[in-house]
Amino acid sequence: MTERKVRVRFAPSPTGPLHIGGVRTALYNFLLARKLGGTMILRIEDTDQNRFVPGAEAYILEALAWCGIVIDEGQGVGGPHAPYKQSERKPMYRAYADQLIADGFAYYAFDTPDELDAMRARLQAAKVPNPQYNSITRAQMRNSLTLPEDEVQALLDAGTPYVIRLKVPRKEEIRFQDMIRGWVVVHSSAVDDKVLMKSDGMPTYHLANIVDDHLMDISHVIRGEEWLPSAPLHVLLYRYLGWESTMPQFAHLPLLLKPDGTGKLSKRDGDRLGFPVFPLEWRGLDADTGEPTLSRGYREDGYLPAALVNFLAFLGWNPGTAQEIFSMDELIQAFSIERVSKSPAKFDQNKAKWFNEHYLRAQPNAELAPYLLGALAEHGIACTQAKAEQIVGVMKERVSFPQDFWQEAKYFFQAPDAYDEQAVAKKWNPQVAAALAAYAEALPGAAAAAAEGLKNLFNQTVEAQGMKPGQVLQMLRMAVTGGAAGPDLFETLAILGPGEVAQRLRTAVATLG
RNA sequence: GGUCCGUUCGUCUAGGGGUUAGGACAGUAGAUUUUCAUUCUACCAACAGGGGUUCGAUUCCCCUACGGACUACCA
């Protein structure tokens with residue numbers, strides 16, 4: 001096999017927000033391109049004007065960028081094969097359909113929707129196992145294969161609506177090699193005479209896809225398994241167009257399934273099970289009611305892009321080693337299509353969360369601080385970058401998502417307005433109160449405001465009161481934070497500062513007696 | 001219904017004709033921690049079923065079951 005430049009493409013339809021499965025497809029394309037020193041192309045497949053959704057294209061671009069999937073060429077970045085949007089390439093497709101007709105591989109069909117329905121109904125009534133427009137049934141339909149030439153011409157001249165269909169042979173074995181599944185063989189009798197050009201003059205996905213992949217010199221087609229059934233049709237198109245020698249290699253990715261039960265993961269599953277199926281939040285309109293809808297996004301739910309990417313990469317692929325944590329660069333190094341599994345993967349929120357916790361803990365405080373700062377700003381609370389970094393530093397071991405910072409770290413900014421009743425009932429008593437009061441008095445004079453100094457001072461003060469630190473510690477935390485659990489207590493006190501701590505202790509002692 | 005694809009712990013998966021079938025997530029228990037969390041340790045848990053081939057099959061082949069995708073002038 002001759003060496004060929006690796007050029008892969010991700011070709012979504014702008015019919016709505018990009019599904020998480022689509023993100024994975026894009027990711028695998030990107031990984032392969034980078035791994036092999038190739039080019040990653042983004043093409044927008046918007047041949048169905050009825051399903052166009054405003055904002056979907058911008059969403060796709062933003063989602064990919066957020067994930068760190070870089071587009072080398074295509075929509076949004078340009079390149080030698082522009083335009084990269086099929087609606088803008090419309091004039092290019094017709095010539096290929098004409099070529100197919102001229103070569104006897106395609107034909108005009110004038111059947112109306114009603115006639116097509118009637119045909120299917122007839123076939124179904126006759127218990128034909130697979131009703132379709134094909135090598136047999138086309139003989140009874142109104143097309144350029146059955147109609148006299150002059151009549152066809154007359155219909156064309158009269159502007160009668162028509163489509164162009166592929167003339168699929170009656171008996172032929174169509175085979176191709178899939179990089180993931182090996183040889184796939186389909187008999188042509190199972191393939192119908194697919195519409196290539198619609199009556200509105202737009203190509204269908206099938207024609208546009210093959211023409212563009214050829215024109216853009218695509219070397220590998222990596223797409224979801226839902227395309228496997230139409231791959232034989234695509235092979236036929238490459239052959240009839242005379243492009244078989246440069247036909248890309250196919251890889252059909254296993255599907256992403258619902259976490260429970262069975263079936264393809266869908267938007268509704270996310271709503272039902274309470275996790276996002278989209279990378280970014282999406283505001284759309286309900287297809288049935290037209291009501292505005294809001295779909296959650298991984299970004300808004302607090303997932304770090306690196307965590308999502310790592311998680312997604314492992315849904316259907318693994319390196320064959322024990323390593324599970326991979327940066328994008330490491331994924332590029334380790335990735336190979338051969339190690340993509342054949343079987344579909346169920347979506348596991350627990351694993352996604354675990355990845356996120358891992359990346360959160362590995363993230364530098366300086367990069368985490370903005371999350372807390374943002375929430376503080378919303379509540380009108382001022383805070384320095386340095387203090388926010390300190391807080392997220394002690395908090396990040398105990399949260400799953402950045403937005404948890406505010407909820408968990410509230411007490412750094414607001415004195416508790418209530419105390420954990422159970423803890424109070426169990427451990428609060430006059431001696432404890434006295435010890436805490438003594439600590440409050442000693443605090444302002446603390447030589448060092450660092451955790452270590454505060455701890456020593458606490459131990460000395462409590463022991464001077466004739467008690468053991470362990471008897472008072474829990475109540476110290478409770479008096480200062482209101483709760484019974486949290487990060488290292490003296491680190492917490494250090495961040496708060498001796499003055500604030502003393503103040504809160506006095507309040508607690510006054511309140512609880 | 002038809003065509004195609006698939007099937008290892010609850011989940012993601014490794015493995016592969018002879019293995020105590022490995023790892024991770026989740027779950028459980030313990031250690032550490034003033035507490036919670038982290039961390040560490042241990043435990044729990046799988047080759048869909050039936051036929052072949054073979055000295056031997058979870059691994060190769062066939063059948064069945066189950067699951068999925070597709071079956072539009074949607075992609």
Side-chain angles (χ1 to χ4, degrees), chain A residues 11-15 45-48 50-51 86 109 111-113 116 120 124 127-133 161-165 178 180-181 184-187 189-192 194-206 208-209 223-232 252 254-255 257-264 311 314-325 339 341-355 357 361 394-400 408 420 423 427 468-478 481 483-490:
Chain A
S13 284
T15 54
E45 310 223 322
D46 59 344
T47 53
D48 186 356
N50 300 320
R51 294 217 300 161
Q86 290 182 330
D111 316 280
T112 65
L116 290 172
R120 289 191 194 102
Q124 248 151 29
K127 299 232 162 55
V128 172
N130 198 16
Q132 55 183 18
Y133 206 118
Y162 66 90
V163 299
I164 297 176
R165 285 181 182 273
D178 185 279
I180 294 170
R181 289 153 213 285
V184 176
V185 184
V186 177
H187 197 85
S189 61
V191 182
D192 65 346
K194 276 274 178 301
V195 171
L196 265 19
M197 291 293 283
K198 301 185 258 191
S199 56
D200 64 0
M202 269 292 201
T204 56
Y205 165 84
H206 303 289
N209 186 266
R223 76 227 303 193
E225 193 188 335
E226 67 267 29
W227 293 109
L228 196 52
S230 49
H252 290 93
L255 260 18
L257 266 27
K258 304 172 194 286
D260 67 335
T262 54
K264 201 156 71 156
F311 167 68
F314 269 72
L315 239 37
W317 171 87
N318 79 85
T321 66
Q323 186 182 349
E324 299 227 42
I325 300 299
R339 291 201 64 88
S341 65
K342 296 180 180 56
S343 43
K346 276 186 194 162
F347 196 88
D348 182 6
Q349 315 160 57
N350 275 329
K351 197 86 176 215
K353 191 174 154 201
W354 176 77
F355 272 113
E357 288 166 349
R361 275 151 211 165
V394 297
M395 270 349 242
K396 69 182 180 185
E397 295 282 303
R398 44 198 314 113
V399 301
S400 299
E408 293 288 317
D420 186 311
K427 298 244 172 92
K468 288 180 187 162
Q471 294 174 276
V472 191
L473 261 168
Q474 180 106 45
M475 288 300 96
L476 204 212
R477 175 187 297 282
M478 205 249 3
T481 71
D488 185 86
L489 183 51
F490 291 100

When you compare the protein's N or O atoms with those of nucleotides 59-61 of chain B, which come within less than 3.5 Å of each other, and at what distance?
none

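- Of the possible polar contacts, none joining the A/R339 side chain to the A/W317 backbone as a donor-acceptor pair under 3.5 Å is found.
- Judged as a side chain to side chain contact (heavy atoms under 4.5 Å, CB included), and not counting sequence neighbours, the contacts of A/A11 are A/R9, A/R43, A/E45.
- Of all nucleotides present, only B/U64 satisfies the Watson-Crick or G-U wobble test against B/A48, with each distance under 3.5 Å.
- In terms of the salt bridge (charged side-chain N to carboxylate O under 4.0 Å, His left out) criterion, residue partners of A/R51 (sequence neighbours excluded) are, by chain and number, A/D48.
- Residue A/V472 is classed as having no contact, given no heavy-atom separation below 4.0 Å to the nucleic acid.
- Taking atom P in both B/C43 and B/G52, the straight-line distance is 39 Å, to the nearest Å.
- Taking A/D420 as the reference, nothing meets the salt bridge (charged side-chain N to carboxylate O under 4.0 Å, His left out) condition, with sequence neighbours excluded.
- Annotation for A/R181 and A/L228: closest pair CD-CD2, 3.7 Å, computed over non-hydrogen atoms.
- Between B/A24 and B/U64, the two P atoms lie 39 Å apart (nearest whole Å).
- In this structure, B/U33 makes no Watson-Crick or G-U wobble pair, since no nucleotide meets both defining distances under 3.5 angstrom.
- In terms of the side chain to side chain contact (heavy atoms under 4.5 Å, CB included) criterion, residue partners of A/R477 (sequence neighbours excluded) are, by chain and number, A/T481, A/P487, A/L489.
- Across all strands shown, B/U53 remains unpaired; no Watson-Crick or G-U wobble contact has both distances below 3.5 Å.
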What is the per-nucleotide protein-contact pattern of nucleotides 43-49 of chain B, from the 5' end, where B denotes a base atom under 4.0 Å from a protein heavy atom, S denotes such proximity for sugar-phosphate atoms only, and - denotes neither? -------

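- Within the nucleic acid shown, A/G316 comes within 4.0 Å of sugar-phosphate atoms alone, with no base atom in reach, counting heavy atoms only.
- Taking for each of A/P254 and A/W354 the nucleotide of RNA chain B with the nearest heavy atom, the 5'-most of the two is the partner of A/P254.
- Checked against B/C4, B/U13, B/U35, the side chain of A/A485 finds its nearest nucleotide in B/U35.
- Residue A/L257 contributes atom CG, which lies 12 Å from atom C1' of B/U7 at whole-angstrom precision.
- Residues passing the side-chain hydrogen bond (donor to acceptor under 3.5 Å, both in side chains) test with A/K351, sequence neighbours excluded: none.
- For A/K351 against B/A24, a side-chain N or O and a base N or O form a donor-acceptor pair under 3.5 Å.
- Across all strands shown, A/S341 has heavy atoms under 4.0 Å from sugar-phosphate atoms exclusively, and none from any base.
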Could you go over nucleotides 28-34 of chain B and give all protein N or O partners under 3.5 Å, atom names and distances?
from: B/U34; atom 1: O4; to: A/R477; atom 2: NH2; distance (Å): 3.2
from: B/U34; atom 1: O4; to: A/L489; atom 2: N; distance (Å): 3.2

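- One distance of note links NZ of A/K194 with NE2 of A/H206; it measures 5.0 Å at 0.5 Å rounding.
- Among residues two or more places apart in sequence or in another chain, the side-chain hydrogen bond (donor to acceptor under 3.5 Å, both in side chains) test is passed with A/E225 by none.
- Around the NZ atom of A/K353, the shell of radius 6.0 Å holds no more than 12 heavy atoms that belong to other residues, nucleotides or ligands.
- The gap from the C1' atom of B/G27 to that of B/C9 amounts to 12 Å, rounded to the nearest Å.
- One P atom belongs to B/A46, the other to B/G10, and the distance between them is 7 Å to the nearest Å.
- Residues meeting the side-chain hydrogen bond (donor to acceptor under 3.5 Å, both in side chains) test with A/Y205, sequence neighbours left out: A/N209, A/R223.
- Between A/H252 and A/V184, the closest side-chain pair of non-hydrogen atoms is not below 4.5 Å.
- Under a 3.5 Å cut-off, the side chain of A/Q132 and the backbone N or O of A/S189 do form a donor-acceptor pair.
- Comparing A/G486 and A/V184, the nucleotide of RNA chain B nearest to each residue sits closer to the 5' end for A/V184.
- Atom name P, nucleotides B/A75 and B/C70: the rounded distance is 14 Å, in whole Å.
- Taking atom P in both B/A21 and B/G49, one finds a spacing of 16 Å when rounded to whole Å.
- Panel note: side chain A/S199, backbone A/P161; no donor-acceptor pair is recorded below 3.5 Å.
- For A/F355 and B/A26, the CZ to C1' distance is 14 Å, given to the nearest whole Å.
- With both pairing distances under 3.5 Å, B/G10 is matched to B/C25 as a Watson-Crick or G-U wobble pair.
- Only the C1' atoms considered, B/U58 is 9 Å distant from B/G16, to the nearest whole Å.
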For nucleotides 69-75 of chain B, give me one character per nucleotide, 5' to 3': B if any protein heavy atom sits under 4.0 Å from the base, S if the only such contacts are to the sugar-phosphate, - if neither. SSS-BBB

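- Remark: of the listed residues A/Q471, A/Q474, A/M478, A/Q474 is the sole one forming a side chain to side chain contact (heavy atoms under 4.5 Å, CB included) with A/K427.
- Side-chain atoms of A/S343 lie closest to B/U7 of the nucleotides B/A14, B/U7, B/C12.
- As a whole-Å value, the separation of A/K353 NZ from B/U38 C1' is 14 Å.
- In this structure, B/G1 and B/U71 make a Watson-Crick or G-U wobble pair, each of the two defining distances being under 3.5 angstrom.
- Legend: residues meeting side-chain hydrogen bond (donor to acceptor under 3.5 Å, both in side chains) with A/S341, ordered by chain and number and at least two apart, are absent.
- Across all strands shown, A/A484 has heavy atoms under 4.0 Å from base atoms, whether or not it also approaches the sugar-phosphate.
- Spacing between B/C47 and B/U59 at atom P, rounded to whole Å, works out to 12 Å.
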